[in-house]
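Below is one structure, written out as structure tokens, with a few remarks after it.
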Protein chains: 2
Amino acid sequence: MIGDLMMDSNAPLARLVRRLERYAPLPAADRQAILALPAQVERIGRGRRLIDEGQQDHAVMQLLSGYACRYGLLSDGQRQITGVFVAGDVLGVRSGDLPIAAQTVSTLSDVELVKIPHTAIAALAESRAAIARALWNESILDANMACDWIVSLGRRDARGRVLALLQELTARCRDAGLTIRDSLILPLTQEEIGDATGLTSVHVNRTLMALQAEGLIDRVGRRVTLLANRPPAAARMLSA
Amino acid sequence: MIGDLMMDSNAPLARLVRRLERYAPLPAADRQAILALPAQVERIGRGRRLIDEGQQDHAVMQLLSGYACRYGLLSDGQRQITGVFVAGDVLGVRSGDLPIAAQTVSTLSDVELVKIPHTAIAALAESRAAIARALWNESILDANMACDWIVSLGRRDARGRVLALLQELTARCRDAGLTIRDSLILPLTQEEIGDATGLTSVHVNRTLMALQAEGLIDRVGRRVTLLANRPPAAARMLSA
DNA sequence: CGATCCGTTGAAGAGAATCAATTTGCGTGG
DNA sequence: CCACGCAAATTGATTCTCTTCAACGGATCG
């Protein structure tokens, strides 16, 4: 809950700069402006809500470590995870005109994050076109990933969905430098994998065991290793 | 394929202004700048692709009439529709840094649309913060609707998914002034409804017949009427 | 050492896919 | 105006995936 020492507080914002420069460099002045943002580093435990649906004043956050997810609830209490966030990802990005959070975001593990008041970010986006564009990029990528998720849920069977989820997480953890040869620590319970893939935890369990029996994945405790590097092969289940 | 007369070409851009002002008014100068954009009105037949995945130079378009959809394909040829667009919706919005279209967009009916070169839009977004923010809004809403779609696909049964799709379309057509008492012309075939809901056309048919037998919907030809109306989650932001 | 959460396994049932006709609606051309 | 041809809608029978319900083992933690 307590921010780190002052001298450390610039490091996380440097990471935000790196993130926002993924696709296009920022003017030096914009970089400085980001580094000068009021920011707070927090450590938060597993299973805590970061942003609530309908919340108006939520901050912009960047995950420094750990996992989080966004989800929606149905009236009968069923939960569907609509996106998983890994270290480096930015949460709560939105333009100034849509103050309402559309979905809930919650942690999937203990996390570290930087928190920035949305007013400060909004002011920056208002005056600096390159920053606005970089944040806009985040929204677009978010929408693109959501579309891939839709395709997976709509047209793949349990095996394909779980595989696709593992592949997406592996790829994103690799980008974040969190993997060792396609091996990553997956803090999700099978229940949560089910919430992400639209399956029950029971069926997730059977699917994971089947994938392991097929030699496509290896599991040791919470560490999962992807042994098949062929995304297209995942969709071909005629051999099963 | 030929644009309309010059004197008509401002009317569709006025509609674009209205769209971009849904959530916040634009400065008069920004409105004028939009009206001055180079635009071309086109009529395009059903089943034509408007934007191809991987395409770099696609234009920004606003639907003036008709329906379109965005979809992804699996390697085995299965199709999953990830979003439906109705009159007024803006397609192909993206920031300057991500030139690649992530998914394919195709018409679901004969359509009319305005086409604007993305370079012209990008230049405007670069210099005018309010326009950038309005376009950004479109991306965020797009992501929000995709998330609702994910929840539907992951956690609802066939009945719930078809109902949710009809409710979303009804709500959006109502906003576009295309409904008469929750009744709308639905040009989607049952095959296409299946592609949107992750079902087969056979099961869509059975589900529609069941909904009709239950008295929840009424169908006459292509006209569908929602008889039991609950507020669709997807449109929550539209009424904000 | 019990409490609890998570993972694993079994058996039975529901919902959707699949396969296969058949019918309806509609534009087209004779 | 009617016959033809085609795409879409409808129906039936069967198969299979996934869910549901239930129980049990193993780890972790006060």
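Just so we're on the same page: letters track the sequence lines, and every chain starts at 1.
Rounded to whole Å, the distance from CZ on B:Arg46 to C1' on C:dC26 is 14 Å. With rounding to whole Å, A:Arg222 atom CZ is found 13 Å from D:dA27 atom P. With rounding to whole Å, B:Glu191 atom CD is found 15 Å from D:dC6 atom C1'. When rounded to the nearest whole Å, the span between CG of A:Leu188 and C1' of C:dC5 equals 16 Å. Atom CG of A:Leu208 and atom P of C:dT9 are 12 Å apart (whole Å). Protein atom CD of B:Glu192 is 12 Å distant from nucleotide atom C1' of D:dA7, rounded to whole Å.
With respect to A:Arg46 and A:Glu192, a salt bridge is recorded, a charged nitrogen being found less than 4.0 Å from a carboxylate O. Salt bridge A:Asp110/A:Arg43: absent, no basic N to carboxylate O contact under 4.0 Å.
Distances shown here put a side-chain N or O of B:Asn205 below 4.0 Å from the OP1 or OP2 atom of D:dT10. For the pair A:Arg219 and C:dT8, the criterion of a side-chain N or O lying under 4.0 Å from OP1 or OP2 is met.
Here the nucleotide nearest the side chain of B:Met209, chosen from C:dC6, D:dT10, D:dA8, is D:dT10.
Proximity of a side-chain donor or acceptor of B:Thr82 to a complementary backbone N or O of B:Arg70 within less than 3.5 Å is detected. No donor-acceptor pair closer than 3.5 Å links the side chain of B:Gln80 to the backbone N or O of A:Ser152.
An end-to-end axis angle of 40° holds for the helix from C:dC1-D:dG30 to C:dG30-D:dC1, taken from five base pairs per end and rounded to 10°.
Residues B:Arg161 and B:Leu199 meet the side-chain proximity criterion, which asks for heavy atoms closer than 4.5 Å.
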Verify side-chain hydrogen bond (donor to acceptor under 3.5 Å, both in side chains) between B:Glu112 and B:Ser65, making sure each step is shown before the conclusion. CA-CA 5 Å; B:Glu112 279 179 301; B:Ser65 68; 3.2 Å; yes
Each nucleotide in nucleotides 12-18 of chain C should get exactly one letter: B, S or -. Can you fill that in based on protein heavy atoms under 4.0 Å? ----BSB
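One side chain, B:Ser183 or B:Arg223, offers a donor N or O that lies under 3.5 Å from an acceptor on the other. In this structure, a donor-acceptor pair under 3.5 Å is absent between the side chains of B:Glu53 and B:Thr104.
With rounding to the nearest 0.5 angstrom, the CG atom of B:Leu91 is 9.0 Å from the CD atom of B:Gln62.
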